[in-house]
> 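Take this structure first; my questions come after.
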Amino acid sequence: MQIITAENLAYSYGQQRAVDGVSFSVGPGEVYGLLGPNGAGKTTLIGMLASLLDPAGGRILFNGEDLTGRPQLLRPQLGVVPQEVSLHDELTGRENLAFFGGLYGLAGNTLRQRVGEVLERVGLLKDADRRLGGYSGGMKRRINIGASLLHQPRLLLMDEPTVGVDPQSRNYIYELIAGLAEQGTAIIYTTHYMEEAARLCRRIGIMDHGRMIAEGTLAELLELLPVRDLIRIGISGAERAELEALAAGSLADFAPLIGDGELTLQVDNAGRSLAAISAAFGPEAARISDLAVERASLENVFLHLTGRSLRED
Ligand SMILES: Nc1ncnc2c1ncn2[C@@H]1O[C@H](COP(=O)(O)OP(=O)(O)OP(=O)(O)O)[C@@H](O)[C@H]1O
Ligand SMILES: [Mg+2]
């Protein structure tokens with residue numbers, strides 16, 4: 001059974017359609033990545049899933065039950081990590097967490113115990129009694145994430161939780177997510193870092209202009225590309241005419257792109273193509289002076305589907 005299912009969700013700000021018919025679902029223990037450039041509609045979608053925004057169309061099911069008009073079915077089981085950090089600088093890390101725990105209805109020993117467990121989990125136990133004002137951006141982020149975990153939600157919505165975070169905090173966050181998923185938490189994770197989506201998420205939905213333009217595992221998304229690997233081959237002393245002759249002749253099967261003193265071959269799998277490429281070069285192979293393989297990534301998938309780069313922001 002899926003934890004959460006979005007069916008054809010839509011939302012507009014005035015005339016502007018920010019989310020336009022998005023459907024997907026996430027099961028227990030699954031980390032689902034919502035990948036898209038600025039303005040794709042990720043935060044708006046998260047807002048609807050968190051029942052902070054009323055969908056203009058479509059519906060949301062939680063554990064198979066329609067949430068329309070019944071956000072209370074979800075709230076006790078939901079953790080939200082908002083895109084903007086909202087904490088109190090004059091309070092300590094521990095006090096901040098206790099404040100949020102109180103909002104979730106925790107009190108007394110249970111609250112104290114959960115705050116301690118969460119501090120340990122986000123790796124901030126030894127800094128717990130310092131004021132937040134002295135924390136780094138990454139440490140604040142970890143407290144912000146911790147605040148969403150106090151009541152042990154079954155569904156966690158994380159909106160770009162690693163933006164502006166130092167590498168050490170980032171690694172804490174990655175490990176935390178893996179651990180939560182292992183315990184069965186369903187996690188929806190928005191990002192515009194494709195490396196992060198590829199690394200963390202079992203399935204990835206690619207959003208653009210309010211729509212889900214592709215969805216699947218990393219391997220399934222890469223299948224959408226006509227070629228998977230690019231092999232750049234430098235050839236010493238090669239003139240353009242000579243490269244053109246090679247490209248049109250023995251190497252034509254590899255759809256070569258002609259560069260300055262080099263050819264870039266487009267293949268499905270670099271490793272498996274190497275013998276054929278070497279045979280196609282024949283004795284000329286001795287002139288190969290440089291070779292580099294570039295693996296296709298989610299960036300290439302986004303470019304292939306939209307004609308634009310994911311990084312334009
Ligand atoms: N409060 C608002 N009022 C009007 N338009 C909005 C509002 N919030 C978002 N939008 C617009 O809706 C679209 C989707 O925005 P949204 O914030 O959901 O995208 P996003 O994918 O989260 O972007 P980012 O990566 O920048 O966080 C954008 O075109 C944005 O300008
Ligand atoms: Mg956003």
Side-chain angles (χ1 to χ4, degrees), residues 4-26 31-60 67 71 74 78-87 137-138 140-145 147-148 155-165 169-170 173-174 177 186-201 203-216 221 297-313:
I4 193 152
T5 302
E7 288 181 0
N8 217 15
L9 285 180
Y11 193 87
S12 297
Y13 298 99
Q15 291 299 307
Q16 199 202 344
R17 184 127 286 212
V19 173
D20 193 7
V22 167
S23 302
F24 69 106
S25 56
V26 184
V31 186
Y32 186 97
L34 282 172
L35 177 69
N38 290 127
K42 304 181 296 293
T43 297
T44 306
L45 181 55
I46 292 285
M48 287 190 280
L49 296 175
S51 45
L52 298 169
L53 300 174
D54 271 336
R59 60 176 194 158
I60 301 162
L67 285 183
L74 170 69
L78 172 71
V80 182
V81 183
Q83 187 165 0
E84 307 297 335
V85 175
S86 59
L87 299 166
K140 287 185 183 177
R141 272 276 169 198
R142 278 143 70 188
I143 291 287
N144 205 42
I145 294 171
S148 73
L155 173 65
L156 184 60
L157 308 177
M158 307 182 90
D159 199 356
E160 310 220 22
T162 58
V163 169
V165 164
S169 288
R170 196 171 283 211
I173 295 171
Y174 293 157
I177 289 170
I187 300 170
I188 298 176
Y189 188 101
T190 83
T191 180
H192 56 262
Y193 299 134
M194 52 163 189
E195 303 86 356
E196 210 170 73
R199 165 175 177 175
L200 280 178
C201 304
R203 278 186 308 133
I204 298 159
I206 303 184
M207 284 189 77
D208 191 38
H209 296 312
R211 291 177 176 273
M212 192 76 97
I213 57 171
E215 195 199 42
L221 291 168
S297 67
L298 285 171
E299 174 69 34
N300 301 89
V301 175
F302 190 81
L303 187 66
H304 177 67
L305 293 174
T306 67
R308 288 177 293 115
S309 165
L310 195 53
R311 292 183 191 279
E312 275 166 21
D313 52 48

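All ligand and atom numbering here is 1-based and tracks the order in the structure. One is the number of the first residue; the rest follow in order along the sequence.
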> Side chains of E196 and Y189: is there a donor and an acceptor less than 3.5 Å apart?
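Yes, Y189 and E196 have a side-chain donor paired with an acceptor closer than 3.5 Å.
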> Run the numbers for me: atoms of ligand 1, each under 4.0 Å from some heavy atom of A18, listed by number.
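Answer, ordered by atom number: 12 (O), 13 (C), 14 (C).
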> Hey, are the side chains of Y13 and L53 touching, using non-hydrogen atoms and a 4.5 Å cut-off?
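Contact flag for Y13/L53 side chains = yes.
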> V19 versus M48: any side-chain heavy-atom pair under 4.5 Å?
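Yes, at least one pair of side-chain atoms sits under 4.5 Å.
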> Please check if the side chain of T306 supplies one atom and the backbone of F302 the other of a donor-acceptor pair under 3.5 Å.
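Answer holds: yes.
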> Measuring from the heavy atoms of G41, does anything fall under 4.0 Å of ligand 1?
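So G41 counts as touching ligand 1.
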> G36 to ligand 1: N or O pair under 3.5 Å?
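N/O-N/O distance below 3.5 Å does not exist for this pair.
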> Mark yes or no for whether R211, through its side chain, and A40, through its backbone, hold a donor-acceptor pair below 3.5 Å.
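No, the answer is negative, given that no donor and acceptor are paired below the 3.5 Å cut-off.
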> Answer yes or no: does atom CG of N8 have more than 12 heavy-atom neighbours from other residues, nucleotides or ligands under 6.0 Å?
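Count over threshold, so yes.
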> Checking a contact table here: which protein heavy atom is nearest atom 29 (O) of ligand 1, and how many Å away?
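Of every protein heavy atom, Q16 NE2, 2.8 Å lies nearest to atom 29 (O) of ligand 1.
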> A quick test of your reading: do over 12 heavy atoms of other residues, nucleotides or ligands sit less than 6.0 Å from CZ of R170?
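Enclosed.
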> Starting from atom 14 (C) of ligand 1, find the nearest protein heavy-atom neighbour and note its residue, name and distance.
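The answer is G39 O, 3.4 Å.
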> Between ligand 1 and G210, can you find any atom pair, the residue atom being a heavy atom, that is separated by under 4.0 Å?
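Checking ligand 1 against G210, which is what was asked, there is no heavy-atom contact under 4.0 Å.
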> So, Q83 and the Mg ion (ligand 2): N/O/S under 2.8 Å, yes or no?
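True for Q83.
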> Could you identify the single nearest non-hydrogen protein atom to atom 16 (P) of ligand 1 and state the distance to 0.1 Å?
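Closest protein heavy atom to atom 16 (P) of ligand 1: T44 OG1, 3.6 Å.
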> Quick test of your reading of the structure: of V19, N38, T43, L34, whose heavy atom lies closest to atom 17 (O) of ligand 1?
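Nearest heavy atom to atom 17 (O) of ligand 1 lies in T43.
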> Are the side chains of I187 and L157 in touch, meaning some heavy atoms are under 4.5 Å apart?
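No; the side chains remain at least 4.5 Å from each other.
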> Would you mind running through ligand 1 and noting each atom that sits below 4.0 Å from a heavy atom of A40?
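With A40 as reference, the close atoms of ligand 1 come out as 19 (O), 20 (P), 21 (O).
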> Decide if the gap between the ring center of Y32 and the ring center of F24 is smaller than 6.0 angstrom.
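They qualify: ring centres under 6.0 Å apart.
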> Identify the protein heavy atom lying closest to atom 3 (N) of ligand 1, giving its residue, its atom name and the separation to 0.1 Å.
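Protein heavy atom with the smallest distance to atom 3 (N) of ligand 1: Y13 CD2, 3.5 Å.
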> Tell me which protein heavy atom sits closest to atom 27 (O) of ligand 1, plus the residue, atom name and distance to 0.1 Å.
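The closest one turns out to be Q83 NE2, 2.9 Å.
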> Is I204 close to E215 at the side-chain level, that is, under 4.5 Å between some pair of heavy atoms?
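They are not in contact (no side-chain heavy atoms under 4.5 Å apart), so the answer is no.
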> Can you tell me the protein heavy atom closest to atom 25 (O) of ligand 1 and the distance?
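Residue, atom and distance for the closest contact: K42 NZ, 2.8 Å.
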> Please find out if the Mg ion (ligand 2) and some N, O or S atom of T190 are separated by less than 2.8 Å.
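For T190, the answer is no, given that no N, O or S atom comes within less than 2.8 Å of the Mg ion (ligand 2).
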> Mind checking whether E160 has a heavy atom under 4.0 Å from ligand 1?
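Under 4.0 Å: yes for E160.
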